[in-house]
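So the structure is just underneath, and the comments pick up after that.
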There are 2 protein chains.
Amino acid sequence: MLGVTTVSSTKLPMSERIERAALPLFARKGFEGTSLSKIAKCVGIKKPSLYAHFASKEDLFFAILQKVNRDYRDFLERQVQQHGDVTTEKQLYCLLKDHTTYLENEDLGLLFKRFMLFPPLVLRDTFNEQFIQSEEALTNVLLEVVQEGKRRGEIQADPDEVIDAYICLLDGTFEQLFYYSKVEHEQRLQNAWRIFWRGIHG
Amino acid sequence: MLGVTTVSSTKLPMSERIERAALPLFARKGFEGTSLSKIAKCVGIKKPSLYAHFASKEDLFFAILQKVNRDYRDFLERQVQQHGDVTTEKQLYCLLKDHTTYLENEDLGLLFKRFMLFPPLVLRDTFNEQFIQSEEALTNVLLEVVQEGKRRGEIQADPDEVIDAYICLLDGTFEQLFYYSKVEHEQRLQNAWRIFWRGIHG
DNA sequence: GTCTATACCGAGATAGAC
DNA sequence: GTCTATCTCGGTATAGAC
């Protein structure tokens with residue numbers, strides 16, 4: 001049972017307060033499983049007031065999706081700037097860890113992934129487009145890191161293989177966030193990482 | 001938009017026909033997104049008739065979940081028997097491929113994974129229990145294969161690391177089923193597999 | 001076991017006063 | 001912009017005839 005968490009930051013514009021209240025609900029109970037009355041209750045307003053800010057439930061949902069996608073790409077950009085001048089091993093490992101932390105702690109991440117895997121059928125096409133943008137951003141980051149690692153001699157394997165294997169590692173460890181405890185997840189991530197690194201390091 | 005696919009195997013008992021009709025609907029549109037009227041339409045009966053076979057929507061859903069879990073464990077057992085006497089490399093690779101095929105083609109697999117990741121909150125605890133059983137079955141299979149591979153000298157790495165990395169590989173490739181085309185998925189699986197094998201083969 | 005009819009509810013959405 | 005009141009629709013579920 002989800003408690004009603006009032007979003008109280010009174011300084012924010014109403015539309016933003018609504019989005020922030022709706023996000024965790026959509027993330028946890030899905031699109032069909034989240035009702036406008038519940039959202040309104042979390043914001044602290046009445047249901048019809050929502051329509052002063054969003055044309056429909058789908059409209060609200062889509063606005064949130066866009067924000068989530070942008071936030072993810074911002075996260076990636078921060079990662080690139082943060083870990084400029086270290087070993088390739090550390091770069092890839094830190095990205096894996098930070099990626100996990102990001103998806104673990106933020107409802108943004110939960111929503112992002114939930115609707116990447118199981119979007120409401122109506123919005124499937126529109127959302128796939130958004131997803132591809134984020135995916136490309138990630139691939140670009142990886143490509144740069146891996147090519148640099150290849151130049152430095154830290155990576156032996158073929159870059160395409162490395163990137164695909166790394167994305168698989170990200171997806172796999174992400175999925176496991178849902179059904180392992182924090183400590184068990186950490187353990188599994190470590191083990192999977194070691195095999196991966198041994199596989200590309202040569 | 002999902003067309004109405006009538007389940008016509010008249011020889012089956014009604015309860016089974018209902019489950020078979022409901023499964024792909026639950027798998028594709030989720031628990032809340034699937035209505036009893038739609039299910040009834042697919043079976044070719046009227047909505048109230050469902051209640052002669054299941055006490056509630058949740059009841060029907062739960063019956064299906066149990067079947068799905070059993071089917072998955074049966075699949076694993078078949079795998080073990082099928083690939084008894086080949087190289088460890090081939091055993092692990094075939095399991096990866098067959099696992100993918102299983103989850104790709106059967107609505108069973110789709111449902112299994114959807115509600116493993118995002119179960120209806122009410123059923124979370126009950127379902128987690130079921131999941132743990134299936135997860136253990138998989139781990140047992142892997143443990144045997146990996147220990148044998150270690151004895152044969154085909155595997156250099158630590159068995160725990162290998163198993164965790166392999167499950168991560170399974171999870172990652174599974175997740176990618178959702179958003180890559182068949183050919184692209186195949187390519188990515190190959191690449192990820194090669195890195196994995198290099199990482200454990202030594 | 002299956003049907004028609006219906007109860008009951010909560011959903012998304014709108015009208016119109018303030 | 002927010003409210004109360006209300007509309008319409010479709011959901012789960014039940015009653016009771018056949």
Side-chain angles (χ1 to χ4, degrees), chain A residues 1-4 6-65 115 119-123, chain B residues 1-4 6-65 115 119-123:
Chain A
M1 232 2 83
L2 241 55
V4 175
T6 309
V7 173
S8 51
S9 330
T10 11
K11 300 180 181 179
L12 293 171
M14 198 63 217
S15 60
E16 177 123 4
R17 285 177 58 197
I18 294 172
E19 289 175 5
R20 292 198 184 194
L23 193 148
L25 296 175
F26 281 135
R28 287 179 170 73
K29 302 206 60 173
F31 181 75
E32 294 92 349
T34 301
S35 70
L36 291 181
S37 25
K38 192 71 185 279
I39 294 171
K41 195 172 287 181
C42 287
V43 180
I45 60 176
K46 299 297 175 184
K47 189 170 57 166
S49 305
L50 295 172
Y51 288 89
H53 306 276
F54 299 95
S56 67
K57 189 185 179 183
E58 281 194 11
D59 192 48
L60 166 60
F61 183 69
F62 194 69
I64 292 175
L65 280 190
F115 292 101
L121 286 189
V122 193
L123 299 178
Chain B
M1 222 22 67
L2 241 56
V4 175
T6 308
V7 173
S8 50
S9 330
T10 10
K11 300 180 182 179
L12 293 171
M14 197 63 215
S15 59
E16 177 124 5
R17 286 177 58 199
I18 294 171
E19 289 174 5
R20 292 198 183 193
L23 193 149
L25 296 175
F26 280 135
R28 288 178 169 74
K29 302 206 61 174
F31 182 75
E32 294 91 350
T34 300
S35 69
L36 292 181
S37 27
K38 193 70 185 280
I39 294 171
K41 196 171 287 180
C42 288
V43 180
I45 59 175
K46 298 298 175 185
K47 193 170 50 169
S49 306
L50 295 173
Y51 288 90
H53 307 276
F54 299 95
S56 67
K57 187 185 179 183
E58 281 195 11
D59 191 49
L60 166 60
F61 183 71
F62 194 68
I64 293 175
L65 281 190
F115 291 102
L121 285 190
V122 192
L123 300 177

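The structure displayed is predicted, hence computed values, not measured ones.
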Exercise. Output the distance between atom CD1 (A:Ile45) and atom CE (A:Met14), rounded to the nearest 0.5 Å.
Key: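 Taking CD1 in A:Ile45 and CE in A:Met14, the distance rounds to 4.0 Å.
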Please report, rounded to the nearest Å, how far the [atom2] atom of [N] is from the [atom1] atom of [X].
| X | N | atom1 | atom2 | value |
| --- | --- | --- | --- | --- |
| A:Tyr51 | D:dC3 | OH | C1' | 15 Å |
| A:Leu36 | D:dT2 | CG | C1' | 16 Å |
| A:Asp59 | C:dG12 | CG | P | 14 Å |
| A:His53 | D:dG1 | NE2 | C1' | 6 Å |
| A:Glu32 | D:dG10 | CD | C1' | 14 Å |
| A:Lys47 | C:dA15 | NZ | P | 15 Å |
| B:Glu58 | D:dG11 | CD | P | 17 Å |
| B:Lys41 | C:dC3 | NZ | P | 14 Å |

Within the structure, does a side-chain N or O atom of [X] lie under 4.0 Å from either OP1 or OP2 of [N]?
| X | N | result |
| --- | --- | --- |
| A:Ser49 | D:dG1 | no |
| A:Ser37 | C:dG10 | no |
| B:Ser35 | D:dG11 | yes |
| B:Lys46 | C:dT2 | no |

Grab the two heavy atoms, one from [X] and one from [Y], that are nearest each other, plus how far apart they are.
| X | Y | result |
| --- | --- | --- |
| B:Phe115 | B:Pro120 | CD2-CD, 3.4 Å |
| B:Tyr51 | B:Leu36 | OH-CD1, 3.2 Å |
| B:Lys46 | B:Ala40 | C-CB, 3.8 Å |

Self-check item: Sugar-phosphate only, base, or nothing, as touched by A:Ser15 at under 4.0 Å among non-hydrogen atoms
Solution: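 It contacts nothing in the nucleic acid.
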Quiz prompt | Proximity to the side chain of B:Lys57 - top-ranked nucleotide from D:dT2, C:dG1, D:dT12 | solution =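 When the side chain of B:Lys57 is considered, D:dT12 is the closest of D:dT2, C:dG1, D:dT12.
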